[in-house]
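This structure is a prediction, so every number in the text was calculated from the model and none was measured. All values below were derived from every heavy atom in this structure, side-chain atoms included, with hydrogens, water molecules and symmetry-related copies excluded. Quick note: residue numbers are just sequence positions, from 1. As the structure lists them, so they are numbered: ligands from 1, and atoms in each ligand from 1.
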Amino acid sequence: MLVVGGSLVGLATALFLRLHGVDCLAVERHTGTAIHPRAGHFQLRTVEILRWAGLEDEVRRRSEEKYLLNGGINNVESLAGREIASYFPNLNAGVEEFSPTLRLFIDQDVLEPLLRERSRELGAQLRNRVECAALEQDDTGVTATLRDLDGGGATTVRADYVVAADGNRSPTRERLGIAMRGHGVLSNSVTIYFRSEVDLAPLLEGRDQGVNYVTNPVLRGFFRLDRTGDRGFLVVNLVGDTARPEIVAAYPSAPWANAAQTIDEQRALELVRAAIGVPEIPVVIEDIAKWQAVADSAERYREGRVFLAGDAAHTMPPNGGFGGNTGVQDAHNLAWKLAFVLSGVAGPGLLDTYDDERRAIGELTVEQAYTRYVTRVAPYLGTEGMQELVDDFSIEIGCRCNSAAVVPEPGDDGSLHEHPRESKGRPGSRAPHVFVPNDGERVSTLDLFGKGFVLLAGADGAAWQAAALGAADRLGVPLDAYVIDDAASGFADAYGISQAGAALVRPDGIVAWRAVDSGESEPEVTMRETLASLVSKEDREETI
Ligand SMILES: Cc1cc2nc3c(=O)[nH]c(=O)nc-3n(C[C@H](O)[C@H](O)[C@H](O)COP(=O)(O)OP(=O)(O)OC[C@H]3O[C@@H](n4cnc5c(N)ncnc54)[C@H](O)[C@@H]3O)c2cc1C
């Protein structure tokens, strides 16, 4: 396997492929990992995936070194000014009902080296200063031309499949002629990295210190302050008073959406001071990064043997903190499918489900980031063509997969998201977290998933367990099966089944199939047909 791009999503892809035992080479044209913090807000689902990858404790430790664990997200006139709105008073309020993990603030430049080291430890090959210059596909694989950017010339490598995690300007996507669709460029934004000679935290007077949106006549954007209160960055999306209707004219000539045009150190200082709300406050500008806020989705996530993941597939404004998270979750969805197909466990049809599942979720997420951009930063864009806001739990752990790798129940409306309190193990949704007994200790159900399929049956569901093990053996599909004989855990209720029912969970923790009770047909037949269809294989009983 070849991965193009060795930033957040490329490294996550390499790591997940190795966790599934797939050989992979990731190439990255930069010298190292991210130099700027960028992504900082990591969702429950992502932290759950990092937990599976053995990184949760270290990520949490690094997060706490820099940020307050339960900081919130609000909107203020300035750090010293009035609070306009509070989006999350506490980032982790209510999460224990749904997950054994926490939402975390950790910067991309801190997280990426952890992903890199863990994937190297597991045997991934990572090569920096190497650019993928061309890809040619045929029926059996892809030939990639790799250029050594330090003068070492070009080489070719052959891969079964390629994952293009090469960012929002994805050269791979361009070469494949895959167009982006959506709202386009929303603003030419800047991120200003600064240091303050005084502690800024007291200005907030105990209000949220996680992400602070700023809305005033000078700018609109957001702060992320370190827990020390004397360092951080300010994102500036818009400049000028966009609340005044007379200056709001037709986009794209909107001058207020071009903060990057006139930025220099002096201007950055003015903006930071206006956002802090204290004139002449002693602040030092350390760096300025220019970037575009864009809300677009790729029209397809796959071309033959090449898959798009991360910003290459969907580019969204940072509002809501969805971009990097969605990319890591793309990689997690794709890695097991590639592993199963490469090892012959699944038929190639399984790979079609990546586009079916992730593109719909990617489009939803782009629209939800756009909604948050408009409502929190750029109301002048208006609500026409804007989705209603979907709550964060439904986006981060409530997205549903609709594809041939899920067996829908009768009456399933194919909804793309559902609050985890409602979905209760409905096929296509993330398998719920419940603490259950296992080997003498209590573990989260989430800790049982990751490699193969997992069947979880209620106390009276032993027939499902036996049938699933038999079917897996026959089809050569890795599968573990547990009977959860523990009414106190609330397992059956959480999964929406009776004690005689069962749920079948995919390696990526998505419920693939569920029997609410013992079922009408023979469990052996049901399990064989179900498993065969989930891995895009025919059950060949009659022909053997
Ligand atoms: C200010 C800001 C705040 C953000 N906050 C959040 C947040 O809180 N939460 C969140 O989830 N997301 C956030 N994001 C978004 C997040 O940073 C991106 O979604 C994430 O970086 C995407 O990762 P990626 O690996 O897909 O792409 P990139 O990070 O763009 O990486 C692509 C890599 O591919 C390499 N590459 C490109 N072409 C080639 C080639 N031909 N050969 C070899 N290498 C190549 C590039 O050098 C690059 O390193 C934020 C973004 C910004 C700007």
Practice prompt. Going by heavy-atom distance to atom 6 (C) of ligand 1, choose the closest among Ser189, Ala39, Gly10.
Written response: Ala39
Worksheet item: Between Gly324, Ala331, Gly321, which one has a non-hydrogen atom sitting closest to atom 9 (N) of ligand 1?
Response: Gly321
Is the shortest N/O to N/O distance between [X] and ligand 1 below 3.5 Å?
X: Asn168; result: no
X: Asp311; result: yes
X: Gln108; result: yes
X: Gly40; result: yes
X: Pro318; result: no
X: Val9; result: yes
X: Glu112; result: no

Item to complete: Count the heavy atoms of every other residue, nucleotide or ligand shown that sit under 6.0 Å from CZ of Arg300, and state whether that count exceeds 12.
Response: yes
Item to complete: Could you tell me whether Asp330 and Arg358 make a salt bridge, using a distance below 4.0 angstrom between a side-chain N and a carboxylate O?
Response: yes
Worksheet item: So does Glu174 pair up with Arg169, basic N to acidic O under 4.0 Å?
Response: no
Could you tell me which non-hydrogen atom of [X] sits nearest to which non-hydrogen atom of [Y], and how far apart they are?
X: Ser7; Y: Gln108; value: OG-NE2, 3.7 Å
X: Gln387; Y: Thr371; value: O-OG1, 2.9 Å
X: Pro379; Y: Arg220; value: CD-NH1, 3.2 Å

For [atom], what's the nearest protein heavy-atom neighbour? Residue, atom name and distance, please.
atom: atom 48 (C) of ligand 1; result: Glu28 OE1, 3.4 Å
atom: atom 42 (N) of ligand 1; result: Cys132 N, 3.0 Å
atom: atom 27 (O) of ligand 1; result: Gly167 CA, 3.6 Å
atom: atom 45 (C) of ligand 1; result: Arg29 CG, 3.9 Å
atom: atom 31 (O) of ligand 1; result: Ser7 CB, 3.0 Å

Worksheet entry | Option passing side-chain contact (heavy atoms from CB on, under 4.5 Å) with Val27 (candidates Leu126, Leu146, Asn128) | Leu146
Would you mind listing which atoms of ligand 1 come within a distance below 4.0 Å of any non-hydrogen atom of [X]?
X: Phe322; result: 11 (O)
X: Ala165; result: 32 (C), 33 (C), 34 (O)
X: Thr191; result: 1 (C)
X: His30; result: 47 (O), 49 (O)
X: Glu131; result: 40 (C), 41 (N), 42 (N), 43 (C)
X: Gly323; result: 10 (C), 11 (O), 12 (N), 19 (O)
X: Gly5; result: 34 (O), 35 (C), 44 (N)
X: Val235; result: 1 (C)

Practice prompt. Would you mind telling me if ligand 1 is within reach of the side chain of Thr172, the backbone, both or neither, using heavy atoms under 4.0 Å?
Written response: neither
Fill in: Proximity to ligand 1 by part of Phe42, non-hydrogen separation under 4.0 Å
neither
Item to complete: Run the contact test for Leu11 against ligand 1 with a 4.0 Å cut-off on heavy atoms, strictly below, and give the result.
Response: no
Practice prompt. Answer yes or no for Pro171: is there a heavy-atom contact with ligand 1 below 4.0 Å?
Written response: yes
Worksheet entry | Ser99 and Glu48: CA distance, side-chain angles, deciding distance, side chain to side chain contact (heavy atoms under 4.5 Å, CB included) verdict | CA-CA 8 Å; Ser99 181; Glu48 288 170 2; 2.7 Å; yes
Worksheet item: Does the pair Trp291 and Val235 meet the rule for a side chain to side chain contact (heavy atoms under 4.5 Å, CB included), with working shown?
Response: CA-CA 10 Å; Trp291 53 278; Val235 163; 3.6 Å; yes
Worksheet item: What do the steps show when you test Thr215 against Glu77 for side chain to side chain donor-acceptor pair (under 3.5 Å), and what is the final call?
Response: CA-CA 5 Å; Thr215 302; Glu77 284 178 344; over 6 Å; no
Worksheet item: Where the side chain of Asn237 meets the backbone of Leu219, is there a donor-acceptor pair that is under 3.5 Å apart?
Response: no
Practice prompt. May I ask you to check whether Thr315 and Asp296 show a side-chain donor-acceptor distance below 3.5 Å?
Written response: no
Worksheet item: Which of parallel (below 30°), tilted (30 to 60°) and perpendicular (above 60°) describes His419 and Phe98?
Response: perpendicular
Discussion item. Cation-pi check for Tyr354 against Arg302: NZ or CZ below 6.0 Å from the six-membered ring centre and within 45 degrees of the axis, yes or no?
Written reply: no
Discussion item. Between Leu122 and Arg120, is the side chain to side chain contact (heavy atoms under 4.5 Å, CB included) condition met? List the steps.
Written reply: CA-CA 5 Å; Leu122 293 172; Arg120 274 212 176 115; over 6 Å; no
